[in-house]
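Note that ligands are numbered from 1 as they come in the structure, with each ligand's atoms numbered from 1 the same way. Residue numbers run from 1 in the order of the sequence given. Everything numeric here is computed off the predicted structure, so don't read it as measured data.
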Amino acid sequence: MSETAKLKIGDNSYEFPIIKGSENELAIDIKTLRGETNGVITIDPGYKNTGACKSAITFLNGEKGVLRYRGYSIEDLAEKADFLEVAYLLIFGELPTKEKLVKFHSDIKENAIVDDDVRKILDAFPKIAHPMGILSSLTSALTAFNPSSVNVDSDEEMYRAIVKIMGKLPVLVSWAMRKINGLPLNYGSNSLGYVENVMNMMFSKPNEEYTVNPIVKDALNKLLILHADHEQNCSTSTVRIVGSSHAGLFASLSAGISALWGPLHGGANQAVLEMLESIKEDGGDTKKYMAKAKDKNDPFRLMGFGHRVYKNFDPRAKIIKVAADQVLNDLGIDDPILDVAKSLEQEALNDPYFVDRKLYPNVDFYSGIIYRAMGIPVEMFTVMFALGRLPGWIAQWREMRLGKEPIGRPRQIYTGESLRKFKAIQKR
Ligand code: CMC
């Protein structure tokens, strides 16, 4: 007999089925709750206990610090895979054969040109514009240049929209960075691998030949893989919910980019580096900042610490910490910021405030140090996160559309005024 959950409201009892995921996670299926109970709903601000969908893409166990894409451990993928292989895995469910990967890459390359008129939109942004705002706007603008990407009723149409954005987003990312650095825009080279081409587009200068540094390439490949998906986080849920209205893929991704921008989500990587910088400038007194983070009257939070779902450790942070050490070592960079980060981490890991609340370094705590070593400006850090997250967003959007999920539309408990009579302005 299948398990059920019993609910009692007043004198009435109700029973709801319990569903089980492939890793034995349990959920009470309340689809019929409102109908059966004559209007009762559940309320869960921040969705801390609410599953919005079933998904076969990413498995995460926050208590045990486990993260897997389509069944493959993040540790295995970060060490052995190529970002484009991981993108294929996330989107289509299986690691590609060599032929499939070559075809995927060549379809992406064929669609990597961004209409030259998009430059004019970019030109209209002030130089001080945050690149996440630019990326979100230009991604949305791509719909106007590719109207066929909106109606994706067949597999073929969906595939075309996917390879278009996989090709065009890196161009927009590089343009956002080149604008900051005052460099002419470029379109990259089809003779390069996906990650090498991203680097070429971002870093090449008009007056010298660009050669890819393998250390930087490996680190970037790893960072992109580690950021590629993270199940139903804020930006991914945004992509799914916007897409559920059948807005196009690019509009849904643009909304996801905006959600990622916030400092409590992807924007944390920029905030971490700015925090570490200001601690260093202030004399490197990490204890002072630990005290501020614990003071409930001080809005300061230790950026890069804590996670909604990881309550043990963030497996991505473990990998990134080692990578940060390696990259700085290999590139011969002695960054004092790394010492500030290590000392903050040590103090937090031994402090009852952080231990009791299960606050551990998250993916963003060390990623900025690597980006900085690569020569990427701090405002671009969250853009790099978006580039990595792209295949995850696409995979989740595709799963939602193929699963014919209904439009996302939460309910609420109304706490405002009851019916009142309109008062003419003279009587207010
Ligand atoms: N510094 C100091 N105190 C903290 C921190 C922090 N970074 N994070 C959480 N707390 C405290 C919080 O004040 C609360 O204390 P109390 O129980 O006494 O009221 C307790 O820990 C629980 O925090 P919460 O805000 O209820 O937890 P949440 O699950 O709603 O928030 C979070 C998760 C990531 C938004 C939060 O930990 C945070 O703001 N961290 C800093 C920003 C950050 O690094 N974000 C990147 C997340 S990883 C990248 C991504 O996937 O987006």
Side-chain angles (χ1 to χ4, degrees), residues 44-50 57-58 60-63 65-67 69 74 132 223-239 255-276 278-279 286-321 341 344-371 378 381-393 396:
D44 184 19
Y47 310 118
K48 292 193 178 194
N49 307 280
T50 298
I57 301 170
T58 289
L60 196 166
N61 181 327
E63 279 69 35
V66 170
L67 176 62
Y69 299 160
I74 194 67
M132 281 300 273
L223 282 169
L224 294 175
I225 291 173
L226 292 174
H227 285 91
D229 195 48
H230 212 233
E231 52 117 300
Q232 309 311 314
N233 55 83
C234 178
S235 57
T236 301
S237 301
T238 302
V239 170
I257 293 167
S258 296
L260 186 74
W261 190 356
L264 299 189
H265 191 9
N269 56 13
Q270 174 175 345
V272 168
L273 210 99
E274 286 165 351
M275 175 189 79
L276 295 175
S278 62
I279 297 176
T286 46
K287 290 200 168 56
K288 173 174 160 191
Y289 285 85
M290 287 291 291
K292 274 165 77 62
K294 294 188 283 182
D295 180 356
K296 290 291 169 200
N297 297 315
D298 189 326
F300 177 80
R301 275 193 167 199
L302 205 54
M303 299 312 287
F305 265 78
H307 200 277
R308 171 57 62 79
V309 288
Y310 290 121
K311 301 298 176 195
N312 180 331
F313 63 90
D314 180 339
R316 303 167 300 172
K318 268 194 168 177
I319 301 171
I320 288 187
K321 184 180 175 182
L344 265 186
E345 181 184 355
Q346 264 331 96
E347 278 167 40
L349 292 179
N350 292 307
D351 189 302
Y353 174 97
F354 286 86
V355 174
D356 293 351
R357 288 171 180 75
K358 300 187 166 48
L359 301 170
Y360 295 88
N362 59 48
V363 68
D364 288 326
F365 193 63
Y366 283 103
S367 62
I369 293 170
I370 308 184
Y371 289 137
V378 67
F381 291 0
T382 315
V383 172
M384 300 311 292
F385 189 153
L387 182 65
R389 186 55 55 88
L390 177 66
W393 286 332
Q396 301 272 351

field: Selection residues 299-320 - residue pairs positive for salt bridge (charged side-chain N to carboxylate O under 4.0 Å, His left out), sequence neighbours left out
entry: Asp314-Arg316
message: Restricting to salt bridge (charged side-chain N to carboxylate O under 4.0 Å, His left out), what partner residues turn up for Glu231, sequence neighbours left out?
response: none
query: Would Gln270 and Met303 count as a side chain to side chain contact (heavy atoms under 4.5 Å, CB included) if you check the C-alpha gap in whole Å, the side-chain angles of each, and the deciding distance to 0.1 Å?
result: CA-CA 9 Å; Gln270 174 175 345; Met303 299 312 287; over 6 Å; no
message: Strictly under 4.0 angstrom, heavy-atom based: which residues surround ligand 1?
response: Lys48, Pro263, Leu264, His265, Gly266, Ala268, Ala293, Lys296, Arg301, Leu302, Met303, Gly304, Phe305, Gly306, His307, Arg308, Tyr353, Arg357, Leu359, Asn362, Val363, Asp364
- request: Answer yes if the ring centres of Tyr371 and Phe381 are under 6.0 angstrom apart, and no otherwise.
  value: yes
- prompt: Looking at residues at least two apart in the chain, or sitting in another chain, which of them share a side chain to side chain donor-acceptor pair (under 3.5 Å) with Thr58?
  reply: Asp229
- request: Could you tell me if the ring centre of Phe305 sits under 6.0 Å from that of Phe365?
  value: yes
